[in-house]
Amino acid sequence: MSEDQQFTEIERLRLAKLQALRQQGQEPFPPRVERTHSTAEAIAAYEAAGEQPVSATLVGRIRSMRLMGKLAFAHIEDGYGTLQLFLRADDFGAEALQHFKDHYDLGDFVEAQGEMFRTKAGEISLNVKVLRMIAKAITPLPAAKDEVVDGEVVRHATLADPETRYRQRYADLAVNPQVREVFRIRAAILRALREFLDKHDFLEVETPVLQPVYGGAAARPFVTHHNQLKQDLYLRISFELYLKRLLVGGIERVYEIGRDFRNEGVDRTHNPEFTMLEFYMAYADYQRVMEFTEEMMNFVGKQVLGGSKFSYQGHDIDLANAWPRISIADAVQEFAGIDLSKYPDAASLAAVMAEKKYKVRAGGSRGKLIEDLVGDHVEPLLIQPSFLYDYPREVSPLAKSQPGDANTVERFEGYMGGFEICNAFSELNDPLDQQARFEEMGRSLKADDEDLHPMDEDYLRAMRYGMPPNGGFGMGIDRITMLFTDQPNIREVILFPHLRRREGE
RNA sequence: GGUCCCGUAGCUCAAUGGUAGAGCAGUUGACUCUUAAUCAAUUGGUUGAAGGUUCGAGUCCUUCCGGGAUCACCA
């Protein structure tokens, strides 16, 4: 491929401008810049000085240009806002103005030194004395133009194609300010969660991403290989079993925020890698964790949104209302019209579901069928923050059974906006019961997939040393971010979501 | 993986089976208070790829690539 063919016509023109700058002794990518004010600071300083001229050196990216014969206007954008540059032949120099017109483009980063003033049209601007290129843009940004309507900046014909936006997130972020805002909120959520947990004496830890035995959830793992050890390793599907080992070690309250990997289908609420918070709290049960969850989410709302109310996809949601707590049995009775106590086994439950024309999965256990009922008939209705509790034992191998009801475990899930946001239980700490559950699960999984044997002997050994009773909790950060930023798709809250590889890339 | 929809200029989008277009961006010129600046002129295309039907395909058919929605899957 010749050099000409890898660049578009516009790019070749810009490369020529870059070469011209170099030939004139102006380095288009200098290593150091001057900056006395951000754009916001410069405006504040000018106002604070009673609108008397204030000297300032600003940096930023050129976002608009309006060129006239002996006068030019341009807006630059930095991390704090935008500001208009005013270049007039009288002050800036006729030759310098022509040089600017010939060599500077939208998207270039510049350093501008001059004095703050107000234009005749009333906009606080920088009357530029000296302008310098600090990073030349070869490829044009995909945005068209900004229009100011009632003080709001409206950007026209901006990058909209989702594929390009995700593959070239840098371009998306550069031209779509609302995308930057999503990730600012995401960071604020993480900060607030850490602040809350730290305040409550939790210790933040990091546990292995590469694991010889995966576990803690029912999901297919990614497999990788360590060459020197000649050993297959799995990317973790949860943190659970490692974090609970730490309770055995005497850490009473522990949490981890990090990445989980699940080799499963991809849709608008699932990405192959996603960010999870898990915490474990010794001497707490699932009821205590439920209260703590409400408290934590209200704290996050206050820190991130400044209150408890937000809107998600047209629904007004309020974190501060007491979160309704509904048992699985009551929820299924109310929303699916089935009294679970009358159908004690998979066959009879499947029969009544078929009678009601509900979807029935072939060969599903009673617990699995109950989960399906909840997923189809209850979950989509739970728009306001709500808890479902008391789950079937056979879909919860790490949760403690209810006293007096071995088939029901002390577990809850939190819902908001019509999807699951968290999952928690009174953690099983009886090593003998745990071993039986693993064996049970091994058998039921074996029927589907011979490869799935998540028996973790070392975890059982840890538990035999004695694990304090504790409540555990897991929450998907991506989904919380979707809710708080009103995004319908998980890819909108992940900077570089996974997409299929394109030919030749 | 199944089904449906989509892919046209750098960006946003048009085009009954009949000459591939517009706005913005770009280029050239005019303009000393513009702000989607304005005015005049103008460049830019293997219509995602490869086949097929047809006198003629952006449009119809097949396969492939990529994306979106939905279903399946996901304690």
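Chain identifiers are assigned alphabetically (A, B, ...) following the order of the sequence lines, protein sequences preceding nucleic acid strands; residue numbering begins at 1 within each chain. The model shown is predicted, which means the values in this text are computed figures rather than measured ones.
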Would you indicate which nucleotide in [options] comes nearest to any side-chain atom of [X]?
X: A/Glu163; options: B/rU34, B/rC73, B/rG67; value: B/rG67
X: A/Lys359; options: B/rA37, B/rC71, B/rU27; value: B/rC71
X: A/Arg66; options: B/rG68, B/rC11, B/rU35; value: B/rU35
X: A/Leu13; options: B/rA37, B/rA69, B/rG26; value: B/rG26
X: A/Glu9; options: B/rU12, B/rG44, B/rC73; value: B/rG44
X: A/Pro162; options: B/rC73, B/rG68, B/rC11; value: B/rG68
X: A/Lys368; options: B/rC74, B/rC11, B/rU35; value: B/rC74

Task: Residues A/Lys400 and A/Tyr286: side-chain donor-acceptor under 3.5 angstrom - done: no
Take atom [atom1] of [X] and atom [atom2] of [N], then tell me their distance rounded to the nearest Å.
X: A/Asp161; N: B/rC5; atom1: CG; atom2: C1'; value: 14 Å
X: A/Arg500; N: B/rG68; atom1: CZ; atom2: P; value: 10 Å
X: A/Glu420; N: B/rC74; atom1: CD; atom2: P; value: 13 Å
X: A/Leu141; N: B/rG26; atom1: CG; atom2: P; value: 12 Å
X: A/Arg491; N: B/rG66; atom1: CZ; atom2: C1'; value: 12 Å
X: A/Asp172; N: B/rC11; atom1: CG; atom2: P; value: 13 Å
X: A/His75; N: B/rC33; atom1: NE2; atom2: P; value: 17 Å
X: A/Phe7; N: B/rG10; atom1: CZ; atom2: C1'; value: 15 Å

Which part of the nucleic acid, if any, lies within contact of [X], taking any heavy atom under 4.0 Å across all strands shown: a base, the sugar-phosphate backbone alone, or nothing?
X: A/Asn489; value: sugar-phosphate
X: A/Pro392; value: nothing
X: A/Gly375; value: nothing
X: A/Arg165; value: nothing

Open item on the list: Less than 4.0 angstrom from a charged side-chain N to a carboxylate O is my criterion; do A/Arg180 and A/Glu77 meet it?
Closed with: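 The answer is yes: the pair qualifies as a salt bridge.
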Task: Electrostatic pair A/Arg437:A/Asp433 at N-O distance under 4.0 angstrom - done: yes
TODO: Take A/Thr207 and A/Glu256 through the test side chain to side chain donor-acceptor pair (under 3.5 Å) and record every step on the way to the result.
DONE: CA-CA 8 Å; A/Thr207 61; A/Glu256 179 164 4; 2.6 Å; yes
Please give the distance between the [atom1] atoms of [N] and [M] as a whole number of Å.
N: B/rA69; M: B/rU42; atom1: P; value: 43 Å
N: B/rA14; M: B/rC31; atom1: C1'; value: 33 Å
N: B/rU53; M: B/rA40; atom1: P; value: 49 Å
N: B/rU16; M: B/rC60; atom1: C1'; value: 13 Å
N: B/rG58; M: B/rG17; atom1: C1'; value: 11 Å
N: B/rG10; M: B/rG45; atom1: P; value: 8 Å
N: B/rU19; M: B/rG29; atom1: C1'; value: 31 Å
N: B/rU43; M: B/rG48; atom1: C1'; value: 24 Å

Using the test salt bridge (Lys or Arg N to Asp or Glu O under 4.0 Å), find all partners of [X] that sit at least two apart in sequence or belong to another chain.
X: A/Glu273; answer: A/Arg259
X: A/Arg262; answer: none
X: A/Arg88; answer: A/Asp91

TODO: Could you list all the salt bridge (Lys or Arg N to Asp or Glu O under 4.0 Å) pairs where at least one residue sits in residues 105-117 of chain A, not counting sequence neighbours?
DONE: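 The answer is A/Arg14-A/Asp105, A/Lys17-A/Asp105, A/Asp105-A/Lys136, A/Asp108-A/Lys136, A/Glu111-A/Arg132.
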Task: A/Glu95 atom CD, neighbour heavy-atom count above 12 within 6.0 Å - done: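 No, not enclosed.
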Task: Neighbour count above 12 (heavy atom, 6.0 Å) for A/Lys70 NZ - done: no
Task: Under the ring pair (Phe, Tyr, Trp, His ring centres under 6.0 Å) test, residues paired with A/Tyr104 that sit two or more places apart - done: A/Phe100
Dump the pairs, protein N or O against N or O of nucleotides 29-32 of chain B, anything under 3.5 Å, distances to one decimal.
residue: B/rU32; atom: OP2; partner: A/Lys70; partner atom: N; Å: 3.3
residue: B/rU32; atom: N3; partner: A/Asp90; partner atom: OD2; Å: 3.2
residue: B/rU32; atom: O4; partner: A/Asp90; partner atom: OD1; Å: 2.5
residue: B/rU32; atom: O4; partner: A/Asp90; partner atom: OD2; Å: 3.4

Task: N/O donor-acceptor pair under 3.5 Å between A/Glu394 side chain and A/Gly367 backbone - done: yes
- [ ] Give me the residues of residues 262-271 of chain A where at least one heavy atom lies under 4.0 Å from an atom of RNA chain B, by number, or none.
- [x]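 Here the set is A/Glu264, A/Gly265, A/Asp267, A/Arg268, A/His270.
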Open item on the list: Among residues 111-123 of chain A, which ones have heavy-atom contacts with RNA chain B below 4.0 Å?
Closed with: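 When residues 111-123 of chain A is checked for heavy atoms under 4.0 Å from RNA chain B, the hits, listed by number, are A/Thr119, A/Lys120, A/Ala121, A/Glu123.
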Task: Bracket notation of RNA chain B in which parentheses pair within the strand, [ ] cross earlier pairs, and | pairs with another strand (Watson-Crick or G-U, under 3.5 Å) - done: (((((((..((((....[..)))).(((((.......))))).....(((((..]....))))))))))))....
- [ ] Write down the atom of A/Thr119, the atom of A/Gln84, and the distance for their closest heavy-atom approach.
- [x] CG2-NE2, 3.7 Å
Open item on the list: Please find the pair of heavy atoms, one from A/Leu369 and one from A/Leu349, that lie closest to each other, and give the distance.
Closed with: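 Reported closest heavy-atom pair: CB-CD2, 3.8 Å.
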Open item on the list: Does B/rU27 have OP1 or OP2 under 4.0 Å away from a side-chain N or O of A/Arg14?
Closed with: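 No, no such contact exists.
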Which pairs of donor and acceptor atoms, one on a side chain in residues 472-480 of chain A, lie under 3.5 Å apart (sequence neighbours left out)?
residue: A/Asp478; atom: OD1; partner: A/Arg186; partner atom: NH1; Å: 2.9
residue: A/Asp478; atom: OD1; partner: A/Arg186; partner atom: NH2; Å: 3.1
residue: A/Asp478; atom: OD2; partner: A/Thr275; partner atom: N; Å: 2.8
residue: A/Arg479; atom: NE; partner: A/Thr269; partner atom: O; Å: 3.4
residue: A/Arg479; atom: NH1; partner: A/Glu420; partner atom: O; Å: 3.0
residue: A/Arg479; atom: NH2; partner: A/Thr269; partner atom: O; Å: 3.2
residue: A/Arg479; atom: NH2; partner: A/His270; partner atom: NE2; Å: 3.4

Open item on the list: Pick the closest RNA chain B nucleotide for A/Thr164 and for A/Ala74 by heavy atoms, then say which residue is nearer the 5' end.
Closed with: A/Thr164
Task: side chain to side chain donor-acceptor pair (under 3.5 Å) partners for A/Thr481, two or more places apart - done: none
Open item on the list: Test of understanding: with side chain to side chain donor-acceptor pair (under 3.5 Å), list the residues that count as partners of A/Asp172, not counting sequence neighbours.
Closed with: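 With sequence neighbours excluded, A/Asp172 shows a side chain to side chain donor-acceptor pair (under 3.5 Å) to A/Arg165, A/Arg169, A/Asn176, given in chain and number order.
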